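Just so it is clear, the values below take in all heavy atoms, side chains as well, and ignore hydrogens, waters and symmetry mates. For the single chain, residues carry numbers from 1 onward in sequence order. As the structure is a prediction and not an experimental result, all values here were calculated from the model.
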Amino acid sequence: MTLNFQHLKMTLLASSIALLCACNSEIDDLAAQNNQQSSEDTEHDHVELTSKGRLAISHTDTANVSIYDTEENQLLEMFNTVNTVSGLFASPGYRYAVAIQRDDNYVEFIDGGLFSEEHDDHLHDYQQAPTLSGFALTDEKPTHFDVSEEQAALFFDGNIDSGIPASFAILTDESIEEGQVLARHTFDNAMHGTAQVRGDSVITTFRSDNTVSVLPNYVEQLHVHGDHYHQEQRFEVDCPSLHGSAQNHEHIAFGCDDGVLVVTQVDESFSALKVANLDSFAEGAQIASIQGSEHSELFLGIAQSTLFYTIDAENNLMSQLDWQQDTNNTILTSTLDAVSGEFYVLESDGMLSVLSAEDGWQVSARFQVAEQPSASYSMTASAADDTLYISDNSNQSVISVDTHEQTSETILTLDFVPNQITWLGIASDSEHEDHDH
């Protein structure tokens, strides 16, 4: 795999010039405040910020990502990316926006400007202007970005037609800051795969040469050796048409066309079993999306968009959840709060359902957030407080949802059509202990 590190700038949209001119003065003021703060830091042992965070929002039809401050609900900066962004994620420590440009084999990183660093026996918080990193990754078809505690695996699918194999790169906030990956691995062939980091191991996918589909059909364990990985084992249990993965404290789950393959870790030992699909599954249906949380030993599996199932690895059991009030509703968008373990689902009637991991993925709350739902939304959860942010792409706006008070309001009106949204900032030390659903 070849990784190129580039610093690329493109011209700003003409329609945004007036807005950015006003923004530039605010960023200059922020830089001055940061310089003053730096001098004050020498006289103080600890600086702690109470910022609500920032939002990174990609544009639908142009190669841009805008960064907004959620304290003042205003634009801080708009960046030109090399290509139109297809996927937008937060780095493991929420400092960077990972801007995936799948069709153009390119990944860029935007520093949101809010982060913490260890200073002796305490953490020191920083607030700076957002910046476009000079670090970039280039490889074939970057797609899945799976976070595990402080590390993330960025999976590149490769290209079957061109004979380019799949690969993955392991990243942390620190490695992104330094402009490098921690380790990487290249497979023997292409696949639409995924990788879950487990300490020094990665539980990832394998595609047999005789498999026609681009989807993998087995799972294997790799172990890190410096900056690369060696295979430790390939699990005998197969996983045809593998798609979707997640993990919790002891288990890693993968969606298969005949069930869910679950890998269990005991100390440094890994074993695998298959939790079979229920007889009620329609022909051709499979769990293709999985949610996992440290707050539950159960996984949440999703089939056919609206059919939700719990997967109990300990008892080799799958159960269907009766979670919808109206089964005619479709799902407009959803997201998992990795801190609280709550899965938020916005349905076509404008209702937001909150499924709690620690309550067996049962619905713990349901309330209205959109009066006249449109067709396209994206959603992200704050790691600093009980706030959910929803971009209403059709109406070019952003809705803020207080999930504790169950209220919502429009906080941003945008002059562009948004695509993806992700929260950046400093995660709360309390880990959302104030959640009261």
Side-chain angles (χ1 to χ4, degrees), residues 244 246 248 253 255 260 278 280-281 285 287-312 318-383 385-395 397-411 418 420-423 431-437:
N248 56 31
V260 174
L278 300 177
S280 58
F281 269 53
I287 290 177
S289 177
I290 302 177
Q291 303 296 332
S293 170
E294 295 299 309
H295 295 272
S296 177
E297 290 302 316
L298 302 178
F299 287 100
L300 176 66
I302 302 174
Q304 296 176 284
S305 178
T306 59
L307 300 179
F308 289 7
Y309 302 86
T310 57
I311 295 95
D312 183 350
M318 182 183 296
S319 304
Q320 185 169 356
L321 281 175
D322 182 17
W323 73 277
Q324 280 187 298
Q325 285 188 333
D326 186 349
T327 56
N328 291 318
N329 283 338
T330 59
I331 294 178
L332 300 178
T333 186
S334 62
T335 193
L336 176 70
D337 185 334
V339 178
S340 70
E342 290 173 322
F343 186 56
Y344 299 103
V345 184
L346 178 62
E347 296 183 78
S348 52
D349 60 359
M351 296 289 286
L352 182 75
S353 293
V354 184
L355 284 71
S356 174
E358 62 184 16
D359 193 27
W361 301 102
Q362 297 294 324
V363 175
S364 59
R366 181 182 282 114
F367 56 97
Q368 195 85 29
V369 298
E371 294 300 329
Q372 295 180 320
S374 56
S376 182
Y377 293 86
S378 179
M379 184 163 24
T380 185
S382 167
D385 56 26
D386 298 308
T387 307
L388 191 66
Y389 297 97
I390 305 173
S391 65
D392 183 342
N393 301 355
S394 298
N395 294 313
S397 61
V398 174
I399 301 168
S400 173
V401 180
D402 186 324
T403 60
H404 180 72
E405 298 297 330
Q406 300 184 9
T407 58
S408 62
E409 63 174 330
T410 298
I411 60 169
Q420 301 293 318
I421 184 172
T422 194
W423 183 88
E431 296 188 346
H432 290 203
E433 290 176 350
D434 293 333
H435 276 265
D436 195 26
H437 301 307

- [ ] Please check if the side chain of Thr380 supplies one atom and the backbone of Trp423 the other of a donor-acceptor pair under 3.5 Å.
- [x] yes
Task: Side-chain donor/acceptor of Ser348 to backbone N/O of Thr330, under 3.5 Å - done: yes
Open item on the list: If you count every heavy atom of other residues, nucleotides or ligands that lies below 6.0 Å from Asp322 atom CG, does the total exceed 12?
Closed with: no
TODO: Evaluate the side-chain proximity of Met351 to Val369: yes if any heavy-atom separation is below 4.5 Å, no if none is.
DONE: no
- [ ] Answer yes or no: is there a side-chain heavy-atom contact under 4.5 Å between Arg366 and Val345?
- [x] no
- [ ] Just do the side chain to side chain contact (heavy atoms under 4.5 Å, CB included) check on Ile311 and Ile290 with the steps written out, would you?
- [x] CA-CA 9 Å; Ile311 295 95; Ile290 302 177; 5.5 Å; no
- [ ] Taking all heavy atoms of Ser353 and all of Glu347, pick out the closest pair and write down the distance.
- [x] OG-OE2, 3.5 Å
TODO: Applying side-chain hydrogen bond (donor to acceptor under 3.5 Å, both in side chains), name anything that partners Asp402, two or more places apart in sequence or on another chain.
DONE: none
Open item on the list: Any heavy-atom pair between the side chains of Glu409 and Ile399 that's under 4.5 Å?
Closed with: no
Task: Note, Asp392 side chain near Ser374 side chain (heavy atom, < 4.5 Å) - done: yes
- [ ] Under the ring-ring contact (aromatic ring centres under 6.0 Å, His included) rule, collect the residues that match up with Tyr309, sequence neighbours excluded.
- [x] Phe281
Open item on the list: Could you measure the distance from the OG1 atom of Thr335 to the OH atom of Tyr344? Nearest 0.5 Å is fine.
Closed with: 9.5 Å
Task: Exam field: side chain His404 to backbone Asp385, donor-acceptor pair closer than 3.5 Å - done: no
TODO: Could you walk me through whether Tyr389 and Met379 pass the side chain to side chain contact (heavy atoms under 4.5 Å, CB included) test, one step at a time?
DONE: CA-CA 6 Å; Tyr389 297 97; Met379 184 163 24; over 6 Å; no
- [ ] Without swapping roles, check the side chain of Asn395 against the backbone of Ser397 for a donor-acceptor pair under 3.5 Å.
- [x] no
TODO: Give the minimum heavy-atom separation between Ser293 and Gly341, together with the two atoms involved.
DONE: OG-CA, 3.5 Å
Task: Val401 side chain reached by Phe367 side chain, heavy atoms, under 4.5 Å - done: yes
- [ ] Considering non-hydrogen atoms only, spot the tightest contact between Ser296 and Ala357 and give its length.
- [x] CB-O, 3.0 Å
TODO: Taking the side chain as every heavy atom from C-beta outward, state whether Met318 and Val260 have any pair of such atoms under 4.5 Å apart.
DONE: yes
Task: Inter-residue atom distance Asp349.CG - Glu371.CD, 0.5 Å rounding - done: 10.5 Å
Task: Under 3.5 Å donor-acceptor, Gln368 side chain and Ala370 backbone - done: yes
- [ ] To the nearest 0.5 angstrom, please state how far the CD1 atom of Ile302 sits from the OG atom of Ser334.
- [x] 5.5 Å
Open item on the list: Within this structure, what is the CD-CG distance for the pair Gln291 and Leu298, rounded to the nearest 0.5 Å?
Closed with: 14.0 Å
Task: Point-to-point distance, once rounded to the nearest 0.5 Å, from CD of Glu342 to OG1 of Thr403 - done: 6.0 Å
Open item on the list: Are Leu388 and Leu352 packed together at the side-chain level, in the sense that at least one heavy-atom pair is separated by less than 4.5 angstrom?
Closed with: yes
TODO: Report the C-alpha separation of Leu355 and Phe308 in whole Å, then their side-chain angles, then the decisive distance to 0.1 Å, and conclude whether the side chain to side chain contact (heavy atoms under 4.5 Å, CB included) test is met.
DONE: CA-CA 11 Å; Leu355 284 71; Phe308 289 7; 3.7 Å; yes
Open item on the list: Does either side chain, that of Thr407 or that of Glu405, offer a donor lying less than 3.5 Å from an acceptor on the other one?
Closed with: no
TODO: Determine whether the side chains of Asn329 and Thr306 contain a donor N or O and an acceptor N or O closer than 3.5 Å.
DONE: no
Task: Heavy-atom side-chain proximity of Gln362 to Ser356 below 4.5 angstrom - done: no
Task: Partner residues of Asp359 under the side-chain hydrogen bond (donor to acceptor under 3.5 Å, both in side chains) criterion, sequence neighbours left out - done: none
Task: Under 3.5 Å: donor-acceptor pair, side chain of Ser364, backbone of Val354 - done: yes
Open item on the list: Working note: Phe299 + Thr310, criterion side chain to side chain contact (heavy atoms under 4.5 Å, CB included); need CA distance, chi angles, decisive distance, verdict.
Closed with: CA-CA 6 Å; Phe299 287 100; Thr310 57; over 6 Å; no
Task: CD1 on Ile411 to OG1 on Thr387, rounded to 0.5 Å - done: 8.5 Å
